[in-house]
Engineer: 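Input: one structure, supplied below.
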Amino acid sequence: GDSVTQTEGQVALSEEDFLTIHCNYSASGYPALFWYVQYPGEGPQFLFRASRDKEKGSSRGFEATYDKGTTSFHLRKASVQESDSAVYYCALNYNQGKLIFGQGTKLSIKP
Amino acid sequence: AQTIHQWPVAEIKAVGSPLSLGCTIKGKSSPNLYWYWQATGGTLQQLFYSITVGQVESVVQLNLSASRPKDDQFILSTEKLLLSHSGFYLCAWSFQNTEVFFGKGTRLTVV
């Protein structure tokens with residue numbers, strides 16, 4: 001079946017560091033891919049999506065590029081801030097808005 | 001603008017007692033509606049989805065049920081709670097296969 005794998009369970013960085021969170025998917029065709037961010041005690045917030053090969057999604061300084069060849073949608077940010085500390089989820093849409101989420105990556109930023 | 005309201009914000013319930021959680025979506029006609037569950041520190045698991053009034057499809061069997069009595073309302077319930085039902089319940093919506101938007105969630109503790 002369809003699946004999403006996030007390699008890093010936790011990432012610890014300092015402010016202004018470069019961030020990469022790896023996301024790989026397994027699915028047929030071209031599923032829509034998403035990144036969500038979740039702060040403690042809140043529901044996930046939609047960051048951005050991409051639906052076609054080589055399409056780049058971006059929001060709030062975060063970006064990811066849909067890569068059909070490597071089945072990846074890695075999240076990147078050039079310079080993280082303490083306020084970026086949260087849990088980040090990669091997800092794919094397999095049918096009518098039904099999402100499969102990765103395990104999540106907890107990002108901690110030291111000031 | 002669309003708004004999603006979940007109730008209650010938190011519940012502490014005894015094992016074996018009944019449960020009813022609800023959500024209302026305003027500002028969007030005929031949305032797709034979803035219930036998700038999240039264990040503490042865990043990822044998001046889709047439970048139910050509905051594309052129209054009166055129709056609900058189960059994704060995962062957790063001794064829970066869902067109903068959509070109105071276009072803008074989605075209810076999650078069970079007659080007998082288990083300890084394993086504890087967690088964070090999230091209602092969400094999407095429109096025409098676009099991104100999914102989440103409510104603020106209900107924290108359920110079963111004791």
Side-chain angles (χ1 to χ4, degrees), chain A residues 1-10 21 23 25 27 29-52 55 57-60 62 64 66 73 86-108, chain B residues 1-10 21 23 25 28 30-52 55-60 66 68 74 76 87-109:
Chain A
D2 296 350
S3 65
V4 176
T5 301
Q6 291 179 235
T7 310
E8 300 90 356
Q10 296 190 58
I21 297 177
C23 171
Y25 71 92
Y30 286 84
L33 301 174
F34 303 80
W35 277 102
Y36 282 82
V37 58
Q38 187 176 26
Y39 299 98
E42 299 183 9
Q45 296 177 18
F46 168 75
L47 267 180
F48 55 82
R49 65 176 282 170
S51 305
R52 302 181 304 274
E55 180 181 359
S58 64
S59 176
R60 309 183 202 178
F62 293 91
Y66 195 127
F73 193 53
V87 179
Y88 292 81
Y89 291 96
C90 183
L92 71 81
N93 179 345
Y94 68 99
N95 186 18
Q96 289 205 338
K98 288 179 281 186
L99 296 178
I100 294 174
F101 283 83
Q103 291 303 307
T105 298
K106 183 175 181 179
L107 175 63
S108 301
Chain B
Q2 297 79 30
T3 59
I4 178 168
H5 173 61
Q6 279 190 248
W7 71 90
V9 173
L21 306 179
C23 82
I25 292 85
K28 179 62 72 174
S30 303
N32 295 337
L33 298 177
Y34 314 88
W35 279 110
Y36 282 81
W37 175 76
Q38 186 177 36
T40 301
T43 190
L44 296 122
Q45 172 66 64
Q46 191 172 65
L47 301 177
F48 299 95
Y49 75 94
S50 171
I51 60 173
T52 192
Q55 289 188 12
V56 176
E57 183 170 329
S58 172
V59 178
V60 173
R68 187 171 178 176
F74 208 20
L76 183 71
F88 197 40
Y89 288 84
L90 291 148
C91 182
W93 69 273
S94 71
F95 190 69
Q96 294 183 349
N97 212 24
T98 61
E99 48 271 20
V100 176
F101 297 96
F102 289 83
K104 294 185 181 297
T106 295
R107 174 72 58 189
L108 175 66
T109 303

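Because the structure is a prediction, the values reported are computed rather than measured.
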Engineer: Please classify the contact between A:E42 and chain B as side chain, backbone, both or neither, with a heavy-atom cut-off of under 4.5 Å.
Structural biologist: backbone

Engineer: With only heavy atoms counted, which part of A:F48 is less than 4.5 Å from chain B, the side chain, the backbone, both or neither?
Structural biologist: neither

Engineer: Between chain A and each of B:K104, B:R107, B:Q38, count heavy-atom pairs under 4.5 Å; write down the option with the most.
Structural biologist: B:Q38

Engineer: Would you call A:P44 and B:L90 a side-chain contact if the rule is heavy atoms closer than 4.5 Å?
Structural biologist: yes

Engineer: For B:L44, which atoms come within 4.5 Å of any heavy atom of chain A: side chain, backbone, both, or neither?
Structural biologist: both

Engineer: Is there a donor-acceptor pair closer than 3.5 Å between any side-chain N or O of B:T43 and the backbone N or O of A:G104?
Structural biologist: no

Engineer: Taking the side chain as C-beta and beyond, is there a heavy-atom pair between A:F34 and B:V100 under 4.5 Å?
Structural biologist: no

Engineer: Please say which of B:Y36, B:Y34, B:Y49 ends up in a side-chain contact (heavy atoms from CB on, under 4.5 Å) with A:L99.
Structural biologist: B:Y36

Engineer: Using a cut-off of under 4.5 Å for heavy-atom pairs, which of A:Q38, A:Q45, A:K106 has the most such pairs with chain B?
Structural biologist: A:Q38

